[in-house]
Chemist: 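Here you go, one structure.
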Protein chains: 2
Amino acid sequence: MVSIVDVAKAAGVSNKTVSRVVNGEPNVKPATKERVQGVIRDLGYVPNMAARLVRSSRSLTLGIVTDFISTTPYSGDIVRGIQEWAEENGRTVLLANTNGDRDKEREIWRTFQSHRIGGALYVSMYHREISPSLGDVATPTVLVNCHPEPANGYPSIEPNDYQGSHDLTRYVLERGHRRIGYIRLNPKLLGAELRLSAFREAVREAGLSDSDVDIRLGMEGPIGSETNRVYSQAQDLLTGSNPPTALMCGNDEIAFQAYLAALGAGLRIPEDISIVGFDDFQTVSLALKPELTTAALPYYALGYRGADRLMRVIEGEKLREDHLVLECPVVARGSCK
Amino acid sequence: MVSIVDVAKAAGVSNKTVSRVVNGEPNVKPATKERVQGVIRDLGYVPNMAARLVRSSRSLTLGIVTDFISTTPYSGDIVRGIQEWAEENGRTVLLANTNGDRDKEREIWRTFQSHRIGGALYVSMYHREISPSLGDVATPTVLVNCHPEPANGYPSIEPNDYQGSHDLTRYVLERGHRRIGYIRLNPKLLGAELRLSAFREAVREAGLSDSDVDIRLGMEGPIGSETNRVYSQAQDLLTGSNPPTALMCGNDEIAFQAYLAALGAGLRIPEDISIVGFDDFQTVSLALKPELTTAALPYYALGYRGADRLMRVIEGEKLREDHLVLECPVVARGSCK
DNA sequence: GGGCAAAATGACAACGTTGACATTTTTGTT
DNA sequence: AACAAAAATGTCAACGTTGTCATTTTGCCC
């Protein structure tokens with residue numbers, strides 16, 4: 001492969017002069033610069049990032065550690081946000097997946113360390129509190145879609161599930177609904193609990209009594225292999241003697257099954273029953289007819305801004321706040337009357 | 001950071017001896033080996049892959065180029081297959097996304113070249129014929145979920161849409177259906193055309209006449225911003241004077257909307273109408289009630305076996321065949337009577 | 001005990017860059 | 001024309017590994 005030495009010889013200058021041209025350093029005579037650039041083009045020289053790293057210890061590579069990809073494959077959006085930031089900022093991305101395995105994770109951190117990456121984003125596929133297994137690896141790290149256990153000081157960026165659910169509940173209440181069903185996500189999910197808490201708080205603030213709300217558990221068991229009772233709970237809710245006029249779902253996939261239950265029971269959405277979701281998983285929310293009213297998890301922004309935060313950490317900047325929380329805006333579509 | 005020189009000094013041996021221990025080379029006295037390993041542990045030494053690459057020109061890094069992630073985010077599964085192979089084979093993965101932009105793609109290949117990666121997988125998010133923009137980059141490359149234009153000699157691995165659709169159609173026919181609707185994917189998709197061709201061939205083989213099949217166009221326009229007519233076409237098909245008894249859909253997302261149309265029309269699945277999809281996008285196929293009968297695209301296997309093929313190409317092995325095609329098995333669930 | 005071969009270990013330079021500093025050339029001012 | 005400063009370019013060693021070959025040590029056989 002063509003090296004800087006080859007270019008220097010062909011251009012009649014020193015290696016250092018070629019390096020200056022490649023790196024855009026100042027004080028290179030324009031004629032020399034053009035001659036060197038011509039040779040680079042002719043010989044097809046591409047700098048060796050490994051050699052550069054060995055000499056300067058400056059890495060332009062970031063690592064992404066993902067835990068596992070759940071059945072709602074949002075990792076695409078978080079990872080895409082990171083990638084787009086990386087591309088805009090001249091960074092390359094190493095990707096590794098732990099599949100939730102601690103030993104694998106430790107191995108991944110070691111591999112990243114052996115690549116001397118500049119920093120890493122630890123991306124959780126669902127909102128939770130974690131403790132990454134960096135061991136004594138000192139890679140600058142930002143947690144995405146999760147936050148650290150109290151003993152750990154990693155900066156993080158996560159969604160505001162509580163605010164989103166609270167706003168969405170108020171949206172439903174403001175439309176006049178007074179009998180509301182709620183099908184909850186697996187309680188093991190932090191986001192699930194936040195969303196439910198916000199729902200409870202909002203209906204309490206609106207003066208609804210316990211008999212006005214009907215909360216059902218839709219998913220339970222170990223994450224990744226949950227028991228799904230959504231469909232049957234939705235059927236039960238909708239065909240009761242005093243059914244709700246609005247059904248709030250822990251996420252869009254739950255809403256999806258609620259739709260099937262409603263339609264199967266001959267109900268019209270939103271005439272007979274309003275249904276709302278959470279997360280704005282567009283594969284579902286836009287495919288449903290009518291389109292789903294929901295609160296949007298800012299996945300892309302979590303990735304993009306998480307990467308930006310990592311850059312600041314790598315550069316030694318003191319972050320204004322360690323834990324950033326991004327809002328989940330209500331997206332009003334046709335499913336809520 | 002701790003280097004091999006530090007370890008050598010602390011262990012009282014030469015750099016080369018430490019290198020022998022780290023790399024598991026033979027002819028190292030057991031006592032020496034243990035002493036060196038102890039020092040490595042104590043000092044927390046992690047080899048520098050960059051230095052290793054500079055000296056030996058042997059890379060353990062693979063690149064993944066993805067074009068863009070469509071609204072059915074299967075990239076997770078293809079990429080996961082690649083990642084799992086990489087992890088099992090001690091490889092690290094660089095990931096870059098072109099978003100379908102030729103200039104971005106050229107830049108990605110250059111970046112990969114600057115990292116001196118061993119090889120790359122070019123992953124298309126939908127089945128198609130392509131010509132990657134490697135320029136004169138000579139990186140060993142395998143195409144995944146696509147095949148090369150005739151002028152290009154890249155090995156590839158892709159799904160057998162025709163076989164899957166043919167088998168699925170026969171499955172439907174074998175269940176006695178004789179009036180069959182078909183809602184097709186965007187004709188711009190190679191997979192869409194293959195699936196439709198197979199459907200036509202299978203119904204012709206079964207002796208059905210043109211009046212027995214009703215083919216509708218569900219999606220059209222530029223990929224990524226298609227016009228979606230699935231729901232209305234499904235409604236039209238299902239509420240006609242002589243509706244089909246089975247509805248075949250170009251993919252699972254089309255099946256999803258077909259379900260909504262059927263349920264909205266008061267039809268029971270599969271009693272009143274059988275519905276089948278294609279690709280086994282489990283976010284949809286398992287969430288539908290009853291669960292969807294479909295043909296499964298082998299995304300994970302495309303990734304995993306694509307990576308394995310790349311390894312053989314990198315190692316200079318002559319592949320038995322340049323273009324591998326993986327079957328799409330029928331997955332019989334409850335939606336087809 | 002000596003000699004020879006195998007095992008174990010070390011020396012050295014090389015890979016491709018770049019930081020630090022030196023040297024040469026050019027330009028401007030007196 | 002001379003001198004000083006700025007611009008341009010070059011020299012050299014260093015980063016952290018490993019391939020190649022040399023040297024030393026050990027073990028076995030006669």
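Throughout, a chain's letter reflects where its sequence line sits, starting with A, and its residues are numbered from 1. Since the model is a prediction, treat every value here as computed from it, not as a measurement.
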Chemist: I'd like to know whether CZ of A:Arg41 has more than 12 heavy-atom contacts from other residues, nucleotides or ligands below 6.0 angstrom.
Modeler: no
Chemist: Does B:Arg106 come within less than 4.0 Å of B:Asp103, counting only side-chain N to carboxylate O?
Modeler: yes
Chemist: Distance alone, cut at 3.5 Å: any donor-acceptor contact between the side chains of A:Ser3 and A:Asp6?
Modeler: yes
Chemist: Can you tell me how far C1' of D:dC15 sits from CG of B:Asp6, to the nearest Å?
Modeler: 12 Å
Chemist: Kindly indicate whether the side chain of B:Phe112, heavy atoms from C-beta on, has any atom under 4.5 Å from the side chain of B:Thr139.
Modeler: no
Chemist: Figure out the CZ/P separation between A:Arg58 and D:dC15, and round it to whole Å.
Modeler: 16 Å
Chemist: Taking CD from A:Glu25 and C1' from C:dA20, how many angstroms apart are they, rounded to a whole number?
Modeler: 12 Å
Chemist: If we count only N and O atoms by modelled type, under 3.5 Å, do the side chains of B:Ser114 and B:Thr111 hold a donor and an acceptor together?
Modeler: no
Chemist: Within the 4.5 Å heavy-atom criterion, are A:Met125 and A:Cys146 side-chain neighbours or not?
Modeler: no
Chemist: Would you jot down, in residue-number order, the residues of residues 41-51 of chain A having a non-hydrogen atom under 4.0 Å from DNA chain C?
Modeler: A:Tyr45, A:Val46, A:Pro47, A:Asn48, A:Ala51
Chemist: Just how far, in rounded Å, is C1' of D:dG16 from CD of A:Gln113?
Modeler: 15 Å
Chemist: From C-beta outward on B:Val54, which listed nucleotide comes closest to its side chain: D:dG19, D:dT17, C:dC15?
Modeler: C:dC15
Chemist: Without decimals, in angstroms, what is the distance between A:His115 NE2 and D:dG16 P?
Modeler: 17 Å
Chemist: Looking only at side-chain N and O atoms, does A:Ser19 come under 4.0 Å of OP1 or OP2 in C:dT17?
Modeler: no
Chemist: To the nearest 0.5 Å, tell me how far B:Arg305 CZ sits from B:Leu326 CG.
Modeler: 5.0 Å
Chemist: Without decimals, in angstroms, what is the distance between B:Ile4 CD1 and D:dC15 P?
Modeler: 14 Å
Chemist: Base contacts versus sugar-phosphate-only contacts with protein, heavy atoms under 4.0 Å: please encode nucleotides 4-13 of chain D as B, S and - from 5' to 3'.
Modeler: ---SSBBB--
Chemist: Taking the side chain as everything from C-beta on, heavy atoms only, tell me whether B:Arg35 gets closer than 4.5 Å to B:Lys29.
Modeler: no
Chemist: Start with the C-alpha gap between A:Val21 and A:Val13, add the side-chain angles, then the distance that decides, and say whether side chain to side chain contact (heavy atoms under 4.5 Å, CB included) holds.
Modeler: CA-CA 11 Å; A:Val21 171; A:Val13 295; over 6 Å; no
